[in-house]
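Inspection log for the structure reproduced underneath, given as structure tokens.
What you see below is based on every heavy atom in this structure, not just the backbone, and it leaves out hydrogens, waters and symmetry mates. So you know, we letter chains A, B, ... as the sequences are listed, proteins then strands, and number each from 1.
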Protein chains: 2
Amino acid sequence: MAVTIKDVAKKAGVAPSTVSRVIADNPRISLDTKKRVRKAMKDLGYHPNINARNLAVRSSQAIGVIMPSSADKALQNPFFPEVLRGIGSFAHETEYSLYVSTGGNDQEVFEEVQRMVNGNRVDGIILLYSRIADPVQQFLTEKKFPFVIVGKPSEQESEITYVDNNNFKASKDLTNHLIDIGHRHIAFIGGSTELTVTVDRFNGYKSAIEEADLPLPNEYTVHAEFLKSGGRDAVEQLFALDQPPTGLVVADDLMTLGVINTLEEIGLSCPQDVSLTSFNNLYLSEITTPPLTTVDIQIYQLGVQSARCLIEKAKDKDEPAKRIIVPYEIKFRQSTRSITSEPVE
Amino acid sequence: MAVTIKDVAKKAGVAPSTVSRVIADNPRISLDTKKRVRKAMKDLGYHPNINARNLAVRSSQAIGVIMPSSADKALQNPFFPEVLRGIGSFAHETEYSLYVSTGGNDQEVFEEVQRMVNGNRVDGIILLYSRIADPVQQFLTEKKFPFVIVGKPSEQESEITYVDNNNFKASKDLTNHLIDIGHRHIAFIGGSTELTVTVDRFNGYKSAIEEADLPLPNEYTVHAEFLKSGGRDAVEQLFALDQPPTGLVVADDLMTLGVINTLEEIGLSCPQDVSLTSFNNLYLSEITTPPLTTVDIQIYQLGVQSARCLIEKAKDKDEPAKRIIVPYEIKFRQSTRSITSEPVE
DNA sequence: CTGAAAGCGCTAACAG
DNA sequence: CTGTTAGCGCTTTCAG
């Protein structure tokens with residue numbers, strides 16, 4: 001069918017193994033024959049068959065990327081194309097390919113991981129989410145299959161390679177910013193508490209609040225889904241309180257969008273009535289009304305770094321577990337405003 | 001290393017070829033031996049090596065998904081995770097895997113396609129964008145490699161399988177809606193004119209305007225990038241006209257978001273001063289302020305259908321080119337309002 | 001209904 | 001520096 005290494009060998013008047021060596025750019029081949037072989041390859045339009053090579057070397061030059069199951073509405077978050085872009089960029093450079101999985105539910109995701117691992121389809125896996133007691137993580141750990149997490153593992157932190165931001169500190173900074181500009185009643189809206197990222201961001205918020213001796217009633221912490229309805233309930237509840245917050249730390253830009261919308265509906269506006277801060281610096285956080293004060297977590301870099309780590313790890317299984325913390329930067333925009341006087345309690 | 005077909009064969013007391021037949025569920029194998037073999041597979045924890053199989057059958061049970069190069073900011077559009085989800089869903093059912101490419105620029109995208117095709121990594125390719133004179137399309141056509149386009153090809157329409165919406169009609173409907181509720185000055189904001197989707201949506205708009213005998217000055221058509229800056233210029237220009245539009249047809253929800261933002265900045269608001277309609281019904285179009293009147297193009301379905309077509313085509317290369325039109329539905333929300341009197345000209 | 005044997009296209013010792 | 005020879009793990013005739 002297609003042109004094989006043998007055809008090239010024949011045409012160039014060498015042995016197949018020589019051709020193979022030329023492909024690998026083996027230094028022990030004379031420049032002269034290399035040239036001849038390369039010419040033959042070009043003339044014949046030769047392209048190596050990946051499957052054959054993979055079979056021979058027992059690897060696949062591919063990495064698997066696991067997204068959260070699409071049952072999670074979270075998948076609609078532009079976070080994902082953006083990490084993917086980072087991963088893809090590094091993968092392209094190193095000539096790795098990308099396998100992605102979007103299972104419809106957790107079960108399907110797990111099946112896909114199994115297929116990737118057991119079938120030798122990929123050399124390693126990047127998990128794009130991290131939540132507690134994840135069977136996928138357990139499976140991978142047991143199999144001793146190379147993987148890295150974008151985010152922070154909830155268990156065995158020291159044995160797993162991961163790339164993350166300092167979400168605790170970022171969240172603390174954000175909260176402190178609100179405090180600095182005069183807010184005294186600050187609430188937190190996060191996603192599922194199963195996700196480590198939510199936990200970290202919550203803890204950062206909490207730490208800042210406590211250090212500043214501000215009130216931290218239970219009602220000031222809500223965990224909503226990304227869905228509009230969830231966000232709505234959360235906001236309505238929050239602003240029905242005797243002492244509604246004047247500042248909010250929201251765990252994700254997309255959620256913030258929902259919050260703004262709900263606020264409008266109940267007759268409050270941002271930043272006049274309430275200051276909003278959030279996370280991710282998605283492209284759209286610049287074009288919302290108002291543009292959001294948000295933490296730029298450098299999604300693209302998260303992707304690049306995770307790919308780099310994974311490939312290192314796939315190449316050398318003994319590579320120790322490492323942790324990479326990508327720096328963040330707070331983008332100050334118009335969703336926050338300083339307040340001087342506090343409503344009377 | 002891993003457990004192979006031979007190990008299973010030995011354990012079950014049969015020949016490797018028999019095991020292979022069991023895997024393929026060949027009807028000529030007695031139920032008895034099938035059971036025995038399956039038990040052996042289970043006991044040993046056997047999983048077929050995909051590479052070996054692919055090599056033997058010259059296929060890969062994988063499909064390639066090509067996104068636009070990430071130079072296009074468009075990639076941040078939640079459209080992509082959503083199609084991917086559709087594709088993934090069908091792929092999962094049929095046990096195909098997904099290879100994705102996100103090249104950093106057009107050149108890289110092209111390289112990735114070549115790698116996929118030449119290296120036998122995938123059985124077919126889904127293109128997630130369609131623009132005029134695309135070298136990737138040409139390459140695939142020449143190679144007679146199975147592929148389908150999400151969107152409409154700009155050339156050789158009848159020879160290429162694609163799945164699309166009736167963007168012309170959807171756009172016309174949208175425009176007519178604005179006309180119905182009293183708008184007489186309606187402008188169009190689209191993306192790159194290289195993209196066929198932009199062209200179709202523009203033509204639908206144009207057709208409605210012409211049929212209603214409304215003004216269609218050149219200044220009423222602007223093509224902006226998704227980037228904020230681009231959108232801003234467009235809007236400023238539009239509303240500096242002697243006769244600014246009161247209604248807008250915008251080719252994408254994300255762009256609309258930028259438009260709303262810019263409007264606010266120049267002191268106009270939606271829908272009081274201008275009515276906005278757009279496309280895609282991204283999740284976020286519900287949670288913006290105001291929620292958008294937009295065309296639900298059923299992104300997920302576009303994904304599912306494209307995967308279905310591709311797989312049919314990959315299985316039978318003689319499958320004729322087909323066209324699948326996914327129905328759309330206009331979601332009427334709060335970004336439009338009817339006007340009775342027209343500003344004096 | 002099942003086994004033996006060849007081969008998919010490539011790599012990797014091992015010779016020379 | 002290069003050729004020879006085995007495989008990698010699976011499928012698939014061809015016999016039986």
Side-chain angles (χ1 to χ4, degrees), chain A residues 1-38 40-41 44-62 95 115-123 315, chain B residues 1-38 40-41 44-62 95 115-123 315:
Chain A
M1 225 183 84
V3 22
T4 83
I5 213 170
K6 277 188 189 166
D7 303 320
V8 177
K10 202 167 290 171
K11 171 119 181 174
V14 297
S17 53
T18 303
V19 177
S20 174
R21 288 184 185 110
V22 173
I23 295 171
D25 204 18
N26 187 317
R28 302 188 316 187
I29 300 288
S30 76
L31 204 69
D32 193 51
T33 46
K34 269 190 188 170
K35 272 187 183 148
R36 224 170 52 246
V37 171
R38 291 210 173 105
M41 300 201 300
L44 296 172
Y46 167 79
H47 291 280
N49 180 314
I50 304 294
N51 289 314
R53 132 177 299 201
N54 288 347
L55 178 57
V57 302
R58 287 171 210 72
S59 101
S60 61
Q61 289 279 315
E95 308 225 308
R115 242 201 274 161
M116 286 186 183
V117 173
N118 292 328
N120 265 282
R121 281 176 189 267
V122 301
D123 293 345
K315 282 194 173 148
Chain B
M1 226 184 85
V3 25
T4 84
I5 212 171
K6 277 189 190 164
D7 303 321
V8 178
K10 201 168 292 171
K11 172 121 183 174
V14 296
S17 51
T18 302
V19 178
S20 175
R21 289 187 183 104
V22 173
I23 294 171
D25 204 19
N26 187 315
R28 303 187 315 188
I29 298 291
S30 75
L31 203 70
D32 193 51
T33 47
K34 270 190 188 170
K35 271 186 185 150
R36 222 170 55 246
V37 170
R38 291 210 173 104
M41 298 201 302
L44 297 173
Y46 168 78
H47 291 279
N49 179 316
I50 304 293
N51 289 312
R53 134 177 298 197
N54 289 347
L55 178 57
V57 301
R58 286 172 211 71
S59 101
S60 62
Q61 289 278 317
E95 306 226 308
R115 241 200 274 164
M116 286 186 182
V117 174
N118 293 326
N120 265 281
R121 280 177 189 267
V122 300
D123 294 344
K315 282 194 174 146

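Taking CD1 of Ile50(A) as the reference point, atom CG of Asn54(B) lies at 11.5 Å (rounded to 0.5 Å). Distance OG/Ser59(A) to NZ/Lys315(A): 9.5 Å, rounded to 0.5 Å. With rounding to the nearest 0.5 angstrom, the CD1 atom of Ile23(B) is 10.0 Å from the CZ atom of Arg38(B).
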(request) Apply side chain to side chain contact (heavy atoms under 4.5 Å, CB included) to Thr33(A) and Val22(A), showing your working. (result) CA-CA 9 Å; Thr33(A) 46; Val22(A) 173; 5.8 Å; no
Between N or O atoms, less than 3.5 Å apart, protein on one side and nucleotides 13-16 of chain C on the other: list the pairs.
unit_1	atom_1	unit_2	atom_2	d
dA13(C)	N6	Arg21(A)	NH2	2.8

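With Ser60(A) contributing its side chain and Arg121(A) its backbone, the two residues share a donor-acceptor pair below 3.5 Å. Using a distance-only test at 3.5 Å, with no hydrogens or angles considered, no donor-acceptor pair links the side chain of Asn51(B) to the main chain of Asn51(A).
Residue Val14(A) is in sugar-phosphate contact alone, with no base atom involved, counting any heavy-atom pair closer than 4.0 Å across all strands shown.
You'll find that the side chain of Ser30(A) is closest to dT2(D), out of dT2(C), dT2(D), dC10(C). Which of dG3(D), dC10(C), dG9(D) sits closest to the side chain of Thr4(B) comes down to dG9(D). The listed nucleotides are dT2(D), dT4(D), dT12(D); the one nearest the side chain of Ala15(A) is dT4(D).
When the C1' atom of dT11(C) is taken as reference, atom CD1 of Ile29(A) falls 13 Å away, rounded to whole Å. Distance, Lys10(B) NZ to dC10(D) P: 14 Å, rounded to whole Å. For the pair Leu55(A) CG and dC8(D) C1', the interatomic distance rounds to 4 Å; values are reported in whole Å. The interatomic distance linking Asn26(A) (CG) with dT11(C) (C1') rounds to 11 Å, in whole Å. Here dG3(D) presents its C1' atom at 14 Å from NZ of Lys6(A), a figure rounded to the nearest Å. Remark: C1' of dC10(D) and CG of Asp7(B) are 13 Å apart, rounded to the nearest angstrom. Going from atom CD1 of Ile5(B) over to atom C1' of dG7(D) covers 16 Å, rounded to whole Å. Atom pair Arg58(A):CZ and dG7(D):P shows a separation of 12 Å (rounding to whole Å applied).
Remark: Arg21(B) engages Ser17(B), Thr18(B), Asn26(B), Arg28(B), Ile29(B) in a side-chain contact (heavy atoms from CB on, under 4.5 Å) (not counting sequence neighbours).
The phosphate of dT11(D) has OP1 or OP2 within less than 4.0 Å of a side-chain N or O from Arg53(B).
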